[in-house]
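First the structure, in the form of C-alpha cells, and then the observations on it.
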There are 2 protein chains.
Amino acid sequence: MAESNRKTQILKDSSRLFRKRGYTATSMRDIAAELNIEAPSLYNHIKGKQEILQILLLDLAQAFTHGMNTINESSLSYRSKLERIIKLHLDLTILNPDGMALLTSDWIHLEEPAFGEFVKMREGYELSFRHILRETLKKEGKESANIDLALFSILSTLRWLYSWYLKNPDINPIELEKEMTENLLSGIFNRK
Amino acid sequence: MAESNRKTQILKDSSRLFRKRGYTATSMRDIAAELNIEAPSLYNHIKGKQEILQILLLDLAQAFTHGMNTINESSLSYRSKLERIIKLHLDLTILNPDGMALLTSDWIHLEEPAFGEFVKMREGYELSFRHILRETLKKEGKESANIDLALFSILSTLRWLYSWYLKNPDINPIELEKEMTENLLSGIFNRK
DNA sequence: GTCTATAAGAGGATAGAC
DNA sequence: GTCTATCCTCTTATAGAC
C-alpha cells in the first residue's frame with residue numbers, strides 16, 4: 001500500500017484534492033504543487049493519474065469488503081450485524097473522509113479493469129447489506145417495508161456522512177455512532 | 001427559460017450527460033454529438049459550457065426556494081410542513097432527476113457570481129428546513145435529538161433519491177412518498 | 001529523485017463561408 | 001443556423017540532463 005513515504009504523501013494529497021474539486025478537474029500540476037514539486041517528478045512514484053485513483057478506491061473498497069466479511073462470518077444476531085455495519089461505515093469515514101468522497105462520486109472515472117472490480121465489490125457489499133437488513137426485518141415482523149428503499153435510505157446517509165464529519169470533526173465518535181444508529185434504524189423498525 | 005426549441009434540447013441533453021459523466025468530463029463536442037450537430041453550432045444558442053451549467057442549476061435552485069417559501073408562508077402545522085418539504089423533493093426529483101444529480105455534485109463547478117448565488121439559495125433553504133424540523137421536534141417533546149445530524153440524514157437521502165428513481169422509474173409516486181415519509185420521519189420521531 | 005523541455009492530444013471558443 | 005478551419009490553452013506523460 002505505502003511503499004515509499006513520498007507515494008503515501010501523493011496519495012493523501014490527491015485524495016484531498018479529488019474530494020474538493022473532483023478527479024477530472026484536478027491536474028497533475030495541482031497535485032505536484034501541493035507537494036512543492038513539478039508535475040513530472042510525480043511519475044517517479046506513480047504510473048499516472050489514473051493509478052492514483054485506482055489505488056485510493058480499490059484499497060477502500062477492499063476495507064469495506066473485508067469488514068463486511070468479518071461481520072457476515074460472525075455469530076452475531078442480524079440486528080447486531082446491522083449495527084456493526086453502521087459502525088464500519090463510521091470508522092472508515094473518520095479514518096479516511098476524503099476517500100469516502102471518492103467512493104461516492106469519483107468512482108465513475110475508474111478505467112477498466114479497475115472499474116469492473118470496483119463495481120463488483122460494491123455490488124457484493126450491497127447484497128450482503130440487503131440480506132442482513134431483510135433478515136432483521138423478518139425477525140422483527142416488518143416484512144411489509146420496501147427493503148430496497150430502506151437500504152437506499154441508509155446507504156445514502158452513510159455515504160454522505162463524510163461531508164458532515166468534515167464540517168464537524170470534533171464530534172465524539174461514540175456519540176455519533178449512537179445518534180446515527182438511532183436515526184437510521186428507528187426509521188425502519190419503530191414505525192407506528 | 002426556454003427561448004428556442006434548440007436551446008431546450010441542449011439543456012436537456014447536457015443535464016443527462018453531466019449527470020452520467022460529470023460536468024468537467026463532458027465536452028462541448030459530446031453535447032453536440034448528442035444533437036447530431038458540430039460543437040461550434042452550439043454557440044448560436046448558448047454562450048458557453050458554463051452558461052449551460054448555470055441555467056440548469058439556478059433554475060432548479062429557484063424551484064426549491066420558491067417551493068420552500070410557499071410552504072413557509074402557509075398555515076400548516078410544522079409536522080405537515082415537514083411532509084410538504086419531502087413531497088417537494090419527490091416532485092422535483094420525478095420531474096427532473098438529471099438536474100437533481102447536478103444539485104448534488106456538479107454545483108462546485110459553478111463560477112462566480114453564479115456560485116455565490118447558488119450557495120446563498122441553498123443555505124437559505126437549509127435554514128428554513130432546519131427551523132421547521134426544530135419546531136416539529138419541540139412540539140413532539142424530542143428536543144434531545146441532534147437536529148443537525150437529523151437534518152443531514154434526511155437531506156442525504158432526499159438528495160440521492162434521483163439515483164434510486166432512475167433505476168426504479170416505474171414506482172408509484174404516491175407509494176414512494178408514503179414510504180419515504182415513513183422512513184425519514186419515523187427515525188426521528190418514533191424512537192423508543 | 002528532481003528538474004527543464006517538449007511531445008501529443010483534447011478542450012473551449014471564435015471567424016467567416018454558405 | 002450549421003458548417004469547416006483554426007486558435008489558444010491546458011493536460012497527461014515522456015526524454016534526458018543533473
Side-chain angles (χ1 to χ4, degrees), chain A residues 1-58 102 105-115, chain B residues 1-58 102 105-115:
Chain A
M1 287 196 197
E3 284 96 72
S4 74
N5 210 345
R6 204 53 156 167
K7 187 166 181 176
T8 312
Q9 223 179 335
I10 292 172
L11 291 172
K12 202 177 154 146
D13 285 340
S14 297
S15 69
R16 197 181 60 257
L17 288 178
F18 290 168
R19 192 249 308 155
K20 287 206 271 191
R21 313 178 193 176
Y23 173 76
T24 320
T26 303
S27 72
M28 293 300 270
R29 285 173 179 81
D30 292 334
I31 298 168
E34 209 75 3
L35 293 146
N36 287 312
I37 57 175
E38 297 298 316
S41 305
L42 293 169
Y43 293 84
N44 282 300
H45 309 280
I46 40 96
K47 287 201 190 75
K49 189 179 163 184
Q50 175 66 206
E51 196 200 36
I52 297 176
L53 186 68
Q54 296 188 1
I55 293 172
L56 292 173
L57 279 171
L58 293 182
L102 309 188
S105 40
D106 273 329
W107 62 273
I108 338 173
H109 300 113
L110 282 173
E111 293 166 11
E112 295 289 4
F115 181 86
Chain B
M1 292 197 195
E3 287 95 71
S4 76
N5 210 345
R6 204 54 155 165
K7 187 166 181 176
T8 313
Q9 222 179 337
I10 292 172
L11 291 172
K12 199 174 156 151
D13 285 341
S14 296
S15 70
R16 198 181 60 257
L17 288 178
F18 290 168
R19 192 247 312 152
K20 287 206 272 192
R21 312 177 194 176
Y23 173 76
T24 320
T26 303
S27 71
M28 293 300 272
R29 287 167 177 83
D30 291 334
I31 298 169
E34 209 75 4
L35 292 148
N36 288 312
I37 58 176
E38 297 299 317
S41 306
L42 293 170
Y43 293 84
N44 283 299
H45 308 282
I46 41 97
K47 286 203 191 74
K49 190 179 164 185
Q50 174 68 205
E51 196 200 38
I52 298 176
L53 186 68
Q54 296 190 1
I55 294 172
L56 292 173
L57 278 171
L58 293 184
L102 308 189
S105 41
D106 273 328
W107 62 273
I108 339 175
H109 300 114
L110 281 174
E111 294 166 11
E112 295 290 4
F115 181 86

query = When the distance from NZ of B:K47 to C1' of C:dT14 is rounded to whole Å, what number comes out?
reply = 16 Å
message = Taking the minimum atom-to-atom distance to the side chain of B:H45, which one of C:dC3, D:dT12, D:dG1 wins?
response = D:dG1
ask   = Would you find a donor on one side and an acceptor on the other, under 3.5 Å apart, between the side chain of B:S15 and the backbone of B:K12?
value = yes
ask   = B:Q54 CD to C:dG12 P: how many Å, rounded?
value = 15 Å
inquiry  = Can you tell me which nucleotide in D:dC3, C:dT4, C:dA13 comes closest to the side chain of B:S41?
reply    = D:dC3
ask   = If you pin A:R29 and B:Q50 to their nearest nucleotides in DNA chain C, which one's is more 5'?
value = A:R29
key: Nearest-nucleotide pick for B:Y43, side chain only, options being D:dC3, C:dT14, C:dA5   = C:dT14
query = Rounded to whole angstroms, how far apart are CD1 on A:I10 and P on D:dT12?
reply = 14 Å
task = For B:F18, enumerate each residue passing the ring pair (Phe, Tyr, Trp, His ring centres under 6.0 Å) test, keeping only those at least two apart in sequence or located in another chain.
result = B:Y23
remark   = Closest to the side chain of B:E38, out of D:dA13, D:dC3, D:dG1, is D:dC3
task = Among D:dT12, C:dA15, C:dG12, find the nucleotide with the atom closest to the side chain of A:M28.
result = D:dT12
inquiry  = In whole Å, I'd like the distance from the CG atom of B:L42 to the P atom of C:dA15.
reply    = 17 Å
ask   = Is a side-chain N or O of B:H109 found less than 3.5 angstrom from the main chain of A:R21, in a donor-acceptor match?
value = yes
request  = Take B:D30 and B:S27, measure what side chain to side chain donor-acceptor pair (under 3.5 Å) needs, and give me the verdict at the end.
outcome  = CA-CA 5 Å; B:D30 291 334; B:S27 71; 3.2 Å; yes
ask   = Atom CZ of A:R6 to atom C1' of C:dC3: distance rounded to whole Å?
value = 13 Å
ask   = Side chains of A:D106 and A:L56: closer than 4.5 Å at any heavy-atom pair?
value = no
query = Roughly, in whole Å, what's the span from NE2 in B:H109 to C1' in C:dG12?
reply = 15 Å
inquiry  = From the set D:dA13, C:dA13, C:dC3, return the single nucleotide nearest to any side-chain atom of A:K49.
reply    = D:dA13
request  = Please work out if A:T24 contacts a base, only the sugar-phosphate, or nothing of the nucleic acid, heavy-atom cut-off 4.0 Å.
outcome  = nothing
key: Interatomic distance where CD1 belongs to A:I31 and C1' belongs to D:dC10 [whole Å]   = 15 Å
note = Between CD1 of B:I52 and C1' of C:dG12 the distance, given in whole Å, is 11 Å
